[in-house]
Structures are given as C-alpha cells and as structure tokens.
Peer 1: 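Handing you a structure now.
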Amino acid sequence: MASERYNAPAREKHWQGVWEAAQVFKTKADAAGPKCYVLEMFPYPSGRIHVGHSRNYTMGDVFARYKRAKGFNVLHPMGWDAFGMPAENAAMERKVHPGRWTYENIEVMRGQLKSMGLSIDWSREIATCSPDYYRHQQRLFLDLLRQGLAYRKSSKVNWDRVDNTVLANEQVIDGRGWRSGALVETRELTQWFFRITQYGEELLAALDGLDQWPEKVRLMQANWIGRSQGLSIRFVLDAATAPAGLDEVEVYTTRPDTLFGASFLAVAPDHPLAKAAAAQNPDLSAFCEECRHLGTSVADLESAEKKGFDTGIRVRHPFDPSWLLPVWVANFVLMDYGTGAIFGCPAGDQRDLDFARKYGLPVKPVILPPGADAATFEVGAEAHDGTGVMINSDFLDGMAPEAAFEAVASRLETTMLAGAPVGARKVNFRLRDWGISRQRYWGCPIPVIHCGDCGVVPVPVGDLPVELPEDATFDLPGNPLDRHPTWKHVDCPSCGKLAMRETDTMDTFVDSSWYFVRFTAPHADEPVDLEAARAWLPVDQYIGGIEHAILHLLYSRFFFRAISDAGHGAHDLREPFAALFTQGMVTHETYFRPSTAVGEKPLWLSPDEIELEGDGATRVARNAKTGEAVIIGPVEKMSKSKKNVVDLDAFVAEYGADTARWFVLSDSPPERDVLYTDVGVEGARRFVQRVWRFVDEIAQRVPDKSPMPESFSAAALDLRKASHKALHTTGRTIEGLRFNVAVAGLYEFANVLGSALQPRNSAEDLDWALREAAELLAHMIAPMMPHLAEECWARLGYNTLIANEAWPEAEPALLVDDALTIAVQVNGKRRGELKIDRTATNEQIEAAALSLDTVIRALEGRPVKKVIVVPQRIVNVVG
RNA sequence: GCGGACGUGGUGGAAUGGUAGACACACGGGACUUAAAAUCCCGAGGCCUCACAGCCGUGUGGGUUCGACUCCCACCGUCCGCACCA
C-alpha cells in the first residue's frame, strides 16, 4: 500500500469540526487540575488576519495546548478590541455604519482564527463594542468617579487634527499621533482623567515583583513613571522687584547640593510669576506668547534654542538674603513638571550652562571632579554633574554631593519662613494622569450628564448602558455624538431639568484595560464576578507585541488596581499578568513602484502581485500584471499599509494551518522577528509531509501495540532513548516558550526516526520501539501542529482525540546514557575524546585521559600539574 | 544627551562557565527515475594539507578562570525606548 500525501487543508477542517462537536476546548469551571490562564492580546477587528498576526496566537495556543496536556485546567479565551477609529473612518469613507463594519470584520476574522485550529473557548467571546460589555465598563467608570479616581479638569491636551481627537501622553510617539502620524498640537480642553498618578509609587514599586516579565518592559515602565526624589525650595522675592501680590516662588530640584552654584531662576512661560510680570511688560508678554507656539513636536524641540527673557524680578538666596538672583522666563522649563520653576546651576547642568553662556550669567563651579585641581579648575564647555567634592559652597565644602544633598535638605526643612519650612523633600513623577476623553463616536460613552444646576451628574446605574445612537451621521468631521439632533438632550437625573449628555467617549485603551477580567465570567451581571476572578486571575501567561510595553500594559496594571479599590477586586491581587512574553513580528520584503511626483508616497504592491526572478543580489521583481519593473524595498513587519502581507485564508487553503503554525515558530527565537520567505514555508510543508509519511509507514508495519518486549537490541534501545529525550526536551522548551529550539529538537528526532526506518527488516523489539516513537511524536507535535497530530493518532489506531490525551512522561532511565563520550582538553584546548562508562570514577577518568596518545603528545613531555574532571562532561589536563 | 538590548558560517540561528556552529534554509555531489517532481544518502567555518595532524576562529582590545560565545572593564557597530522631567 503506497502512502498518500497528507491533504492538510481537508483534514484540518475535519478535525476542527470534531473538536467543536465535542466541545473539547470549552473550559469547565469544575475541572480538575491547577488553573492556567493563557491569553494573547486580543485583536482589533481591522478586516482580515494575515500570517503576521498568526504568530502571536500560535504561540499562545502551543502553550495552552501543552498546559492542557500537562493536566492544567486551561482558560484560553478570545475576543475583539472592537471600538476605535478605523471603524469610524470606514464609515466616513464608505458610508457604512461603524458597527456593521466592525461586526462583519469580526465574522471574517473569527472564521480565520478558527481555521488556525486554536484551542479557544469560543463561548467566552467578547466584543468591547457590544453594550453587553460596555455597560459594565460604564459601571466601572461610575465607581471610579465615586472613588475620586475619575475626574474632570481643564488642561492642555495633545490634539490630533487628523483624527480630530485628544490623545493621551502615552499615545504621542515622537510628537505625532500614534495612529494618524499627524503632528500633535496643544489645545486647552476640559477632559475626563483617570488618576493614574495616585498609583505611581505602587506601579513603580510593584515592577520589582514582576519577575516573569521581560526586563526591558519593566525598565520602560519605570522610565515612563519617572520617579525622582528632590527638594522643593521657597525663594523669597525681592520686594522692590516683585509683582503686586506675589512674594515668593517655589522651585523643585533634584540637586539641592548645587544650591551655591545657582546663578538664576527660570520659570515656565505659563508660570503665574511669568504671567504677572508679562502683564507689566509687553516685550515679555510677546516672548511668552512666542514660547507657547513653539515646541509641539520633537523636531521643534531638537532645533529649538534655549531662549530666555529677564523678568527683572529678583529673589533672595535661601542661605544668603543679600545674594540676589535674577528670575528669567525660559522656553525649556515645563509648567506641568515639578513646580514649573527651577534654579539654574550652570556648572552642574548642561542646559543651564548653555543658557548662562548665552545670556552672560555667572558660572561658578561647585563640584570639583576627581583628579581636578581646586586652584585651577574652571568650567569649560561641558557641565559636570557627576561625582566629586563640594567647593565654593560655604558649609558644604569638602562634602560628597550626596552628603551635601542631605545637609541642604535638613537645614532648609528646619528653616522656617512665615510659619512653614523653606524646603520640603518631595517625590515627583513624570507620569501624568490618563486623559480618557475622546471626541469620537465609536467608543464607550462616558456615562454622565451635565446639568446647568446640578453640575456633573452620574447616570444612575439602573439607566445603564448609555447606548450609542444607531442613526449617527459620519459625513462631517468632528464628533457625531455632539451633532446628533436628540441623543445628548436628556433630563437631569437629579433635578429633572433639561440637561446634556456627555458626548465624549472613552479612550479605547480603557476597553482593553479589563477585558482579561471579564473573560473570567463574560456573562455575569456584575462587571466582575468576584468568585470567577479569584479563581482564574492573574493571567498566567500573557503574550503580545512589545509595542504595548507602556500603553496597554501600564494602563491595565493601573485599571486593575483602581477597579479593585472600587470594589471589583480579586482578593488582594494587584498585578493582572503574572508572566508576560513579548513576541517578535513576522516580516516580509516590501515591493513598490517608484512614484513620479516628489514627496508622493510609494505605490506599494503586495507579494501576490509580484513575479520574482533571479536569486541573491540579482533578484528583480516585476509587476505580474504589467511586467513593469518594481523596486524590492526593505524587509518590514507585515502590515496592510505596506501591503507586504500574506493572507491567512490563501495560505491555509494551499498549505494548511499546521504549516503556518510550524513556520512561524521555526528558526527565529520567538521574541525576535521572523522573516517570511517562500522557501521557509516549503521547509515547514515538507516537514508536515515527512511526519505523516513516517507515522503512516510505522502504522502499516506495526498496526497494533503489542506488549513491551523483555529486552531491546542496541538499535531499538537507541531509538527509545532518542524518543524519550525528544519528549523531555520538547516539553521543557515549550514550557520555556523557546519554540524555535523545540522545533529544532523535533527535526533532529525526525532524522533519527528516518534512519531507524531505513532497515526494512522487521524485528519485534525494533517494531515496538518504532511504534512508541510514532506515538510519542504525535504527542510532541500536538501543541504545534494539532491537526496533523490528530491524524497521526487516528492512523495509529486510536479512536480518542489526542487533544484530550495527557502529555506522556519520559522514562528517566532512558534519558541517561550508560556510555558517554566526553571531551579531553589539555590546557583548555580540546585534544581528544574519551568513551567511558557513566559510572566511572574520577580517578578512572583521569587515568584514561592521561593515557590518551593525543594528550601525551599535546603535553610535549611537560609534567601534569593538575587534572580537572567534570563528571560526565569534560576533562582538562593542565600541564 | 540618558537608559537598555544585541553582535556566532553564505543565511536564520543552537550552545545550565565545560567538545562552538545543533537544527533549518541556501549550496555542492550522489542514489532512485526514460525524464521531472517527490524522496533518500553524503559533504561543507577559515587557513594549510593527497591525507593524518596542525593552526586560526563567536565585533575589537584587555581581564577573571584549569577552561569564556557565556562573567567583568573599555572601545566599535546595529537596533530599541525615553528625551528640554530640573
């Protein structure tokens, strides 16, 4: 009987049907085994899934399936991050309602995910745009509002004029909107905020406990939170120069030790002192105005010169009232960090130095760098902010900067001025409160009502959800909710008078800040079913892209705490994600036609529009339709915008899901990018067929599993050892998410199996070992190529599902070798090897090593000084 | 500027401080075939050699160690994050 090729696309559909019919992946709350919550960051339903997206889900699925096999009760859900701008943009461009566009995409993408054979409990599916979801989010908002964790304030915000909405600080990348890429402008608006700063300290401190998170992500978050310890110092204004009504200014510094090096104060253009002074001085007023218009983009900031304007105001030095310092307005001082005012120490800060040099302000060194001569030391072009000894600093002279910090802090803390200390230790954060108002339609409505008499009135819980009106119009820019004729006009729940609904919706990052909680009980009446949350949280393994290192992951850590503190907590759990893995992307070459007009965007072409000729450096690409020459662009992450995507449906139809899964796991370490190539895919496809051929052949040769033979020949034993070792390493590497190594191990095992199949003669013990190898191979590939595994399992005569089978335990005796080959080094250089019994003593090994010809030759007659024997590994002869 | 990661054959990469280059791709040779596809076998870091042996090799230079891709220091390069945060 000749082997048939394995028809992956057809068989995969079959097995998916079987799994679904048997509800194999539906999570049972009462199932035995420890819980394991495996989650991949849920997708935005943008249209279609391509091979690039599939890597994330494949990794999660391999882990989830492995954990299931290991006896864990696994929760592995999937949902849709379904609110967001693209839906609204589609509405504007194609005149289709955002809801319809979104749900149609979900339909398509759900089918695509299912075609990958993911072990997902689809009964828990969530779409954040569904009122069933967002009514709970509105409830959470109201609870945060009650707790004072949500509030409204007028502030400067980042305005994206392309998307016509506000952006949070975290959503501004290099001065541009994270989605639109438009240069962000500053606007003053009244907005809703979440008080994430209240958790700054905790969010920072708790990073230490996240030992299963990548160090990189923890660092990025720590930097983002940006805690700094310093001193807040009150400077008294010189009465002769002070504007009316103002008599002091507060300055924040992290370097109070350099206080004697102060040569000026600088305040932000929006600082009250600047405004007061500007009111008297038209030139200063003009300068402040100019500052406001500068500095919205990174490019501006980089090129922007340090500019200042002397207000004429003078302040007294805290340690010497007769020492007057000028107060300048400076364009580089930020109003919303610290106190919006600094003291400048040019010797110790590069910016202050540049500023001082430009405006001829004094530069007095206060820290003598190690090795410098006090008599001759002068500040040159570079400020010194490092270590050294304090000089020119009165009572601080001779101290280290750290000690001087303490000395200044404790002295100013106890110096009283008008009944309060002059100085106070203060911790500052770079983190700002999270602005969540978005002037868009396709988001979760903020459930409050503005009443002329009662002010901001929360929508009563019984009136939730505040649903989006279906009949909004999308033909104009701006917020469709705001211009809807009736939606916003409601009665005040408090006094009954006509009032106005809030027309802003929530940032979609709110939606994704708690979906993992909702998955634990997606149909509960309360937002969070405490029992389910306690049973399942935290997420044991979270998998997603590094691009969320700050945004989503910081918001979620905050929001989980905030809702816990508002009564929706699971025990005293504070961190939602116990382990995080950030996977690399699938990349692909790009192709484009050179554009004719200057500055015009390239005209991207997708890989299936391309014909490639030649190889290596001589490859040329042509447009398959027109034959026109096409430029091969750089390799980039697969993305719709550059068209360098491979559609999942087409791929699965041709190669099958298992090939896609195997390919995206192969070669590259999972945290690094993997390059999509046709030859790489061919390699994966070949392996699928190879596994099938082997199992098929073994099933023919050994149709039934007979009792285990009493003894095994050397060949059979070697095969058994290879099988069990492969089983062991496959498990270990999957556990550690080192999928590329797991894949390599399975290739290696397949090579061994292929060799073992070569002798066509049948022997009882070898047959038994072959069958064992085939069965174990089916188990080993099951997490990665689940359909093929089922096919193999069935071919071996089982009528159970391998998805329901336990991961076999490797026999410990088969994991060790009795005869070892160990390397022998002379002075650290490999000179030979030694075949030796595993139980040989160190003395025996040493003697054997020293008698090797190669060792004797390498020693060249020198006496042996020392022999290091590392049992079962290596011998090093030192001579 | 600050912080971090990384640097291994033609390529992707492997290697608890212990035989560097597993495994795969590409490549070369061979088997099977009328032929092709598919499949299977063999080879392969560099230098020198008919071969054996030998020498050199994990960005560069030092260090620690019996032993370093791995740990430490400095430098070079690439990538990422933050960026007027006082």
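Just the heavy atoms: all of them, side chains too, but no hydrogens, waters or symmetry mates, feed the values below. Chain letters run A, B, ... following the sequence lines, proteins first, then strands; residues in each count from 1.
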Peer 1: Ignoring hydrogens and geometry beyond distance, is a side-chain donor-acceptor pair present between A/Arg672 and A/Gln583 at under 3.5 Å?
Peer 2: no

Peer 1: When you check the gap from the basic side-chain N to the acidic O, do A/Glu697 and A/Arg701 get nearer than 4.0 Å?
Peer 2: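 Looking at A/Glu697 and A/Arg701, the cut-off is met.
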
Peer 1: Would you check if A/Asp667 and A/Val743 make a side-chain contact, meaning some heavy-atom pair closer than 4.5 Å?
Peer 2: no

Peer 1: More 5' along RNA chain B: A/Leu334 or A/Arg672, using each one's nearest nucleotide?
Peer 2: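 Going by which nucleotide is closer to the 5' end, it is A/Arg672.
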
Peer 1: Ignoring the backbone of A/Ile342, work out which of B/rG54, B/rA38, B/rA86 is nearest its side chain.
Peer 2: B/rA86

Peer 1: Nearest whole angstrom, please: distance from the P of B/rA31 to the CD of A/Gln758.
Peer 2: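 That distance rounds to 17 Å.
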
Peer 1: List the protein contact pattern of nucleotides 17-25 of chain B with one symbol per nucleotide (5' to 3'): B for base contact, S for sugar-phosphate-only contact, - for none; contact means a heavy-atom distance under 4.0 Å.
Peer 2: -BB--BSSS

Peer 1: Say you pick atom P in B/rA53 and the same atom in B/rA20; how far apart are they, in whole Å?
Peer 2: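 Going atom to atom, P in each nucleotide, I get 16 Å.
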
Peer 1: Which is it for B/rG9, anti or syn, if anything within 90° of zero counts as syn?
Peer 2: syn

Peer 1: Run the salt bridge (Lys or Arg N to Asp or Glu O under 4.0 Å) check on A/Glu248 and A/Arg234 step by step: do they pass?
Peer 2: CA-CA 7 Å; A/Glu248 61 177 61; A/Arg234 296 158 64 202; 2.8 Å; yes

Peer 1: What is the distance, rounded to the nearest whole Å, between atom CG of A/Asp336 and atom C1' of B/rA86?
Peer 2: 13 Å

Peer 1: So among A/Arg838, A/Lys835, A/Lys721, which one has a salt bridge (Lys or Arg N to Asp or Glu O under 4.0 Å) with A/Asp817?
Peer 2: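 Of the listed residues A/Arg838, A/Lys835, A/Lys721, the salt bridge (Lys or Arg N to Asp or Glu O under 4.0 Å) partner of A/Asp817 is A/Lys721.
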
Peer 1: C1' atom, B/rG10 versus B/rA44: distance in rounded Å?
Peer 2: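 Taking atom C1' in both B/rG10 and B/rA44, they lie 12 Å apart.
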
Peer 1: Using whole Å, what does the distance between atom P of nucleotide B/rA86 and atom CG of A/Asp349 come to?
Peer 2: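 Checked: the CG to P distance equals 9 Å.
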
Peer 1: Can you tell me, in whole Å, how much space there is between the P of B/rU64 and that of B/rG54?
Peer 2: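 28 Å, rounded to whole Å.
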
Peer 1: What is the separation between atom NE2 on A/His728 and atom P on B/rU16, rounded to the nearest whole Å?
Peer 2: 13 Å

Peer 1: So, is A/Lys829 close to the B/rC56 phosphate, meaning a side-chain N or O under 4.0 Å from OP1 or OP2?
Peer 2: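 Checking A/Lys829 against B/rC56: at least one side-chain N or O falls below 4.0 Å of OP1 or OP2.
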
Peer 1: Would you measure the distance from the C1' atom in B/rU19 across to the matching atom in B/rG3 and give it in whole Å?
Peer 2: 39 Å

Peer 1: Expressed in whole Å, how much space separates the C1' atoms belonging to B/rC56 and B/rG21?
Peer 2: 15 Å

Peer 1: side-chain hydrogen bond (donor to acceptor under 3.5 Å, both in side chains), that's the test. Do A/Ser228 and A/Tyr252 meet it? Break it down for me.
Peer 2: CA-CA 11 Å; A/Ser228 75; A/Tyr252 177 73; 3.0 Å; yes

Peer 1: Which residue in the set A/Val62, A/Asn740, A/Ile734, A/Val674 passes side chain to side chain contact (heavy atoms under 4.5 Å, CB included) when paired with A/Leu665?
Peer 2: A/Val62

Peer 1: Could you report the tightest heavy-atom contact between A/Asp352 and A/Gly344, atom names first, then the distance?
Peer 2: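 Scanning both residues completely, I find the closest heavy atoms to be OD2-CA, 3.3 Å.
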
Peer 1: Using a heavy-atom cut-off of 4.0 Å across all strands, would you classify A/Val251 as base, sugar-phosphate, or nothing?
Peer 2: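 Touches nothing.
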
Peer 1: State whether A/Arg831 places a side-chain N or O below 4.0 Å from either non-bridging phosphate oxygen (OP1 or OP2) of B/rA53.
Peer 2: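 Answer is no, no contact under 4.0 Å.
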
Peer 1: Locate the shortest heavy-atom distance separating A/Ala849 from A/Val824; write the atom from each residue and the value.
Peer 2: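 So the two residues come closest at CB-CG1, 4.0 Å.
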
Peer 1: Rounding to an integer number of angstrom, what distance separates B/rU58 and B/rA68 when you compare their C1' atoms?
Peer 2: 11 Å

Peer 1: Work out which heavy atom in A/Ala383 is nearest to a heavy atom in A/Gly348; give both atom names and the distance.
Peer 2: CB-C, 3.8 Å

Peer 1: For B/rA24 versus B/rA31, give the span between their C1' atoms, rounded off to a whole number of Å.
Peer 2: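 23 Å, rounded to whole Å.
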
Peer 1: For the C1' atoms, the ones on B/rC69 and on B/rC6, what distance do you get once it is rounded to whole angstrom?
Peer 2: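 My reading of the C1' atoms in B/rC69 and B/rC6 gives 13 Å.
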
Peer 1: Could you state the CZ-P distance from A/Arg218 to B/rG81, rounded to the nearest angstrom?
Peer 2: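 That distance rounds to 20 Å.
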
Peer 1: Between B/rG4 atom C1' and A/Trp224 atom CH2, what is the distance in whole Å?
Peer 2: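 Distance, rounded to whole Å: 17 Å.
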
Peer 1: Expressed in angstrom and rounded to an integer, what is the separation of A/Phe235 atom CZ from B/rA86 atom P?
Peer 2: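 About 16 Å, once rounded to whole Å.
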
Peer 1: To the nearest Å, how far apart are A/Leu207 CG and B/rG4 P?
Peer 2: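 The answer, rounded to whole Å, is 16 Å.
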
Peer 1: Could you check which of B/rA38, B/rG54, B/rC40 has an atom nearest any side-chain atom of A/Arg693?
Peer 2: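 Closest nucleotide to the A/Arg693 side chain: B/rC40.
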
Peer 1: In which stems does RNA chain B show up, taking only runs of three or more Watson-Crick or G-U wobble pairs whose two distances fall under 3.5 Å?
Peer 2: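 So the stems come out as B:1-7 with B:76-82, B:10-12 with B:23-25, B:27-31 with B:39-43, B:45-47 with B:54-56, B:59-63 with B:71-75.
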
Peer 1: Looking at side-chain heavy atoms only, is the closest gap between A/Val363 and A/Ser263 below 4.5 Å?
Peer 2: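 No, every pair of side-chain atoms sits at 4.5 Å or beyond.
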
Peer 1: Have a look at A/Thr254 and say if it touches a base, only the backbone sugar-phosphate, or nothing, with a 4.0 Å heavy-atom cut-off.
Peer 2: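 The answer is sugar-phosphate, as A/Thr254 gets under 4.0 Å only of primed atoms, P, OP1 or OP2.
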
Peer 1: If each of A/Glu215 and A/Val333 is mapped to the nucleotide of RNA chain B with the nearest heavy atom, which maps nearer the 5' terminus, i.e. the 5' end?
Peer 2: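 Result: A/Glu215.
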
